[in-house]
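Order of the sequence lines fixes the chain letters, A, B, ..., with proteins taken first and strands second; residue numbering starts at 1 for each chain.
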Amino acid sequence: MTTEQSPRSESELVARATALAGESVGEIAARFDRKTPRTLNKAKGWIGELIELALGATAHSKPVPDFEDLGIELKTIPLNSRLTPQESTFVSTVPMTGLVGLNWENCTVKAKLNRVLWVPVEAGKDIPVAKRRIGMPMIWSPSATDAEILRADWEEHIERIALGDIDQIDARFGTYLQVRPKAPNRRELTLTTDTSGTLVSSLPRGFYLRASFTRKILADKYSGC
DNA sequence: GGATGATCATAT
DNA sequence: ATATGATCATCC
């Protein structure tokens with residue numbers, strides 16, 4: 001077995017992801033004839049790509065949800081020994097141009113966060129990558145309250161960029177959604193156009209969900225069980 | 001231990 | 001060049 005067809009429905013996708021729960025990264029990798037790296041140091045997205053492969057994701061490298069037809073975004077989420085998220089979650093590249101006409105309703109962040117399949121994976125450098133176990137998946141949409149907070153965060157960030165103030169943004173802005181570097185290195189530059197048409201050169205950034213927010217998402221879910 | 005800023009691999 | 005997949009490295 002080297003490929004998977006795309007799931008045709010949300011329930012089929014969730015069923016597939018549920019079937020992975022309890023398996024180790026190494027077991028799944030073996031089914032797809034992939035060699036598990038010794039560390040993730042030079043393969044940071046490797047587990048995410050493996051799970052995409054195992055679940056039949058279709059949108060690779062496109063700025064749309066992974067399961068485009070279903071409108072569902074796949075996110076692996078690294079859990080520490082306390083089984084809480086230990087890292088922020090990358091959502092999408094921050095747009096630097098084409099901001100005219102861009103709003104929360106038509107943006108990539110909203111499209112991706114509208115429906116997310118979280119797949120927990122054991123993390124921690126003390127656990128060999130191949131032995132890390134997959135947890136029970138969780139299909140999620142933001143509550144109305146959380147969606148409003150995400151919208152406000154996104155609008156605040158985009159407004160700063162539109163004003164040409166990208167370099168005044170740091171990771172402390174935003175309640176749930178933050179902006180951090182997303183680049184090969186800090187010498188990388190991309191061009192921004194502010195509202196007056198002035199070109200501003202800056203480090204590429206990405207939108208990330210704070211770990212404190214994903215901790216809340218998981219806590220909300222499991223508190224009801 | 002948590003948050004911030006920096007970085008790595010791959011696809012198109 | 002810019003999108004995807006994220007975790008690493010370091011400071012507080």
Side-chain angles (χ1 to χ4, degrees), chain A residues 25 28-29 32 34-68 72-99 102 107-109 111-113 116-129 132 134 153 157 161 166-193 199 201-216 218-219:
Chain A
V25 167
I28 296 168
F32 292 92
R34 288 170 62 114
K35 181 158 168 51
T36 306
R38 193 180 79 267
T39 84
L40 298 181
N41 202 313
K42 292 193 181 282
K44 295 178 182 177
W46 189 85
I47 294 177
E49 289 164 3
L50 177 67
I51 302 303
E52 280 191 344
L53 181 63
L55 296 179
T58 54
H60 199 74
S61 280
K62 292 189 287 184
V64 296
D66 296 292
F67 297 92
E68 192 171 1
I72 299 173
E73 173 73 8
L74 170 67
K75 288 294 177 198
T76 56
I77 185 160
L79 302 187
N80 59 26
S81 58
R82 295 182 50 207
L83 302 183
T84 63
Q86 75 165 21
E87 287 281 358
S88 57
T89 298
F90 173 72
V91 179
S92 71
T93 300
V94 172
M96 301 289 188
T97 57
L99 301 183
L102 182 64
C107 78
T108 298
V109 172
K112 289 189 171 187
L113 296 185
V116 178
L117 180 68
W118 299 103
V119 176
V121 182
E122 277 185 315
K125 291 184 170 57
D126 54 321
I127 311 176
V129 177
R132 296 182 189 181
I134 309 302
D153 285 345
H157 294 314
I161 295 163
I166 179 70
D167 286 332
Q168 292 177 33
I169 299 179
D170 70 39
R172 290 168 291 191
F173 288 102
T175 303
Y176 293 160
L177 190 70
Q178 62 180 176
V179 169
R180 302 218 310 279
K182 174 65 171 169
N185 57 64
R186 73 162 293 107
R187 305 285 168 236
E188 185 79 3
L189 292 177
T190 190
L191 288 175
T192 305
T193 312
L199 285 175
S201 192
S202 77
L203 183 65
R205 318 294 168 104
F207 285 120
Y208 296 79
L209 296 178
R210 293 181 180 282
S212 56
F213 180 52
T214 54
R215 281 182 207 118
K216 178 174 111 65
L218 297 193

> Per the side-chain contact (heavy atoms from CB on, under 4.5 Å) rule, which among A:Pro95, A:Ser201, A:Ser202 passes with A:Thr192?
Replying inline: A:Ser202

> Between the side-chain atoms of A:Tyr208 and the base atoms of C:dA6, is any donor-acceptor pair under 3.5 Å?
Replying inline: yes

> With respect to the phosphate group of C:dG5, does any side-chain polar atom (N or O) of A:Lys75 fall under 4.0 Å of OP1 or OP2?
Replying inline: yes

> Can you list the residues that meet the salt bridge (charged side-chain N to carboxylate O under 4.0 Å, His left out) rule with A:Arg172, with sequence neighbours excluded?
Replying inline: A:Asp170

>> Give the residues of residues 80-90 of chain A touching DNA chain C, defined as any heavy atom closer than 4.0 Å, sorted by residue number.
In response: A:Glu87, A:Ser88, A:Phe90

>> Using OP1 and OP2 only, check whether a side-chain N or O of A:Arg180 sits under 4.0 Å from B:dA3.
In response: no

> Base, sugar-phosphate, or nothing: which does A:Pro181 touch, judged by heavy atoms less than 4.0 Å apart?
Replying inline: base

Name the pairs: protein N/O against N/O of nucleotides 10-12 of chain B, kept only if under 3.5 Å.
none

> Does the side chain of A:Thr76 get closer than 4.0 angstrom to OP1 or OP2 of C:dA6 through an N or O atom?
Replying inline: yes

Contacts under 3.5 angstrom, residues 174-191 of chain A side chains, donor-acceptor by atom type, not counting sequence neighbours:
| residue | atom | partner | partner atom | Å |
| --- | --- | --- | --- | --- |
| A:Tyr176 | OH | A:Asp146 | OD1 | 3.0 |
| A:Gln178 | OE1 | A:Arg180 | NH1 | 2.5 |
| A:Gln178 | NE2 | A:Ala171 | O | 3.0 |
| A:Arg180 | NH1 | A:Ser88 | OG | 3.0 |
| A:Arg180 | NH2 | A:Ser88 | OG | 3.2 |
| A:Asn185 | OD1 | A:Arg187 | N | 2.8 |
| A:Asn185 | OD1 | A:Glu188 | N | 3.2 |

> Choosing from B:dA6, B:dT4, B:dG2, which nucleotide comes nearest the side chain of A:Arg186?
Replying inline: B:dA6

> Checking side-chain contact (heavy atoms from CB on, under 4.5 Å) against A:Leu209, which of A:Thr214, A:Val109, A:Val116, A:Ile77 comes through?
Replying inline: A:Thr214

>> Please tell me if A:Arg205 has a side-chain N or O lying less than 4.0 Å from either OP1 or OP2 of B:dT7.
In response: no

>> Can you list everything that forms a ring pair (Phe, Tyr, Trp, His ring centres under 6.0 Å) with A:Trp46? Sequence neighbours excluded, please.
In response: none

> How would you list, by chain and number, every residue that makes a salt bridge (charged side-chain N to carboxylate O under 4.0 Å, His left out) with A:Lys75, sequence neighbours excluded?
Replying inline: A:Glu73

> Among the nucleotides B:dT4, B:dC8, C:dT2, which one has an atom lying closest to any side-chain atom of A:Arg172?
Replying inline: B:dT4

> Would one find a side-chain N or O of A:Lys125 under 4.0 angstrom from OP1 or OP2 of C:dC8?
Replying inline: yes

